[in-house]
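Notes for the one structure printed next.
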Amino acid sequence: MAGKADKLILGLEDHLRLLGQTGAEFAVRRIRTKADAEAPVPKAAFGSLDDVARHVLECRKCPLAKTRTRAVPGEGHPAAALLFVGEAPGHDEDVQGRPFVGRAGQLLTKIIAAMSFRREDVYITNVVKCRPPENRTPAREEVEACAPYLAAQIEILRPKAIVSLGKSATDFFLRSGKGMTQLRGEFFDFHGIPVMPTFHPSYVLRQESIRSVKKQVWQDMQKVMKLLGRT
Ligand code: URA
């Protein structure tokens, strides 16, 4: 029992530390000491999505800056009600500087259309804005270095719903230690914004029983559409 509690506390500490590093005031209420209380409230680090993008394009905070071709800040409607968050750019995204433009992106674009949105109506980005070599899973330090950008994008957009695509994106919001099969299909709350975890389009493409995985993604997206009044 003590082991479980320790794990939970460690997990929470971890999560708060990550969110704290984002500088996102909406994400973490800092414990305010007397000195803190007298200090001015820090202003958000970024004023607009374009401002975030400018910083991302020049970012050299982690080693991925050395291996990337282009950083990929994200794209979409500046007042999008729906935000899709993936893991990190792959080869095609790295070359073009745009998110989800490869095979997985084509599937995501189809999913968005099936939800009766146009790609340009929603916002699409990743947890990590530069391609990890060989498309490996981003390292923890890379996620931490990049976290302020996604936090700022969410804070500026304040979407009505977020879809987290796959484990890396879902872990950004919810450090649960659970797998996608357990997490998908139910909204959870991220500082007042409903987040729907679902399978990553690349995972869908890799599955032999592609129809059943696709069906589950579609069930998840129908819940998002219902929330947004799209059904
Ligand atoms: N996979 C991702 O997670 N993001 C992209 O932009 C492309 C593929």
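Just follow the structure's listing: the first ligand is 1, and inside any ligand the first atom is 1. Model, not experiment: these values are computed from the prediction.
Enclosure of atom NZ in Lys61 by more than 12 non-hydrogen atoms of other residues, nucleotides or ligands within 6.0 angstrom is indicated. More than 12 heavy atoms of other shown residues, nucleotides or ligands fall within 6.0 angstrom of atom CZ in Arg230.
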Review point. Would Phe100 and His200 satisfy ring-ring contact (aromatic ring centres under 6.0 Å, His included), going step by step from the backbone distance to the final call?
Key: CA-CA 11 Å; Phe100 281 96; His200 193 287; 5.6 Å; yes
Practice item. Applying salt bridge (Lys or Arg N to Asp or Glu O under 4.0 Å), run through Lys223 and Asp220 and close with a yes or a no. Key: CA-CA 5 Å; Lys223 290 185 183 173; Asp220 302 344; 5.4 Å; no
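When hydrogens are left out, the protein atom nearest atom 2 (C) of ligand 1 is Ala88 O, 3.0 Å; that is the closest non-hydrogen contact. Closest protein heavy atom to atom 4 (N) of ligand 1: Asn126 OD1, 2.7 Å.
Counting all heavy atoms, side chain and backbone alike, Gln153 lies closest to Lys129 at OE1-NZ, 2.7 Å.
Shown in contact with Pro99 at under 4.0 Å from a heavy atom are these atoms of ligand 1, numbered in order with element: 6 (O). Numbered from 1 in the order shown, with element, the atoms of ligand 1 that lie under 4.0 Å from a heavy atom of Gly86 read 3 (O). Those atoms of ligand 1 with a heavy atom of His200 less than 4.0 angstrom away are 1 (N), 2 (C), 3 (O).
The N/O atoms of Phe100, backbone and side chain alike, include one that comes under 3.5 Å of an N/O atom in ligand 1. Of the N or O atoms in Ser202, none lie within a sub-3.5 Å distance of an N or O in ligand 1.
Looking at Glu87 against ligand 1, both its backbone and its side chain come within 4.0 Å, counting heavy atoms.
Applying side chain to side chain contact (heavy atoms under 4.5 Å, CB included) to Leu150 and the options Val143, Val52, Val56, Thr125 leaves one that passes, Thr125.
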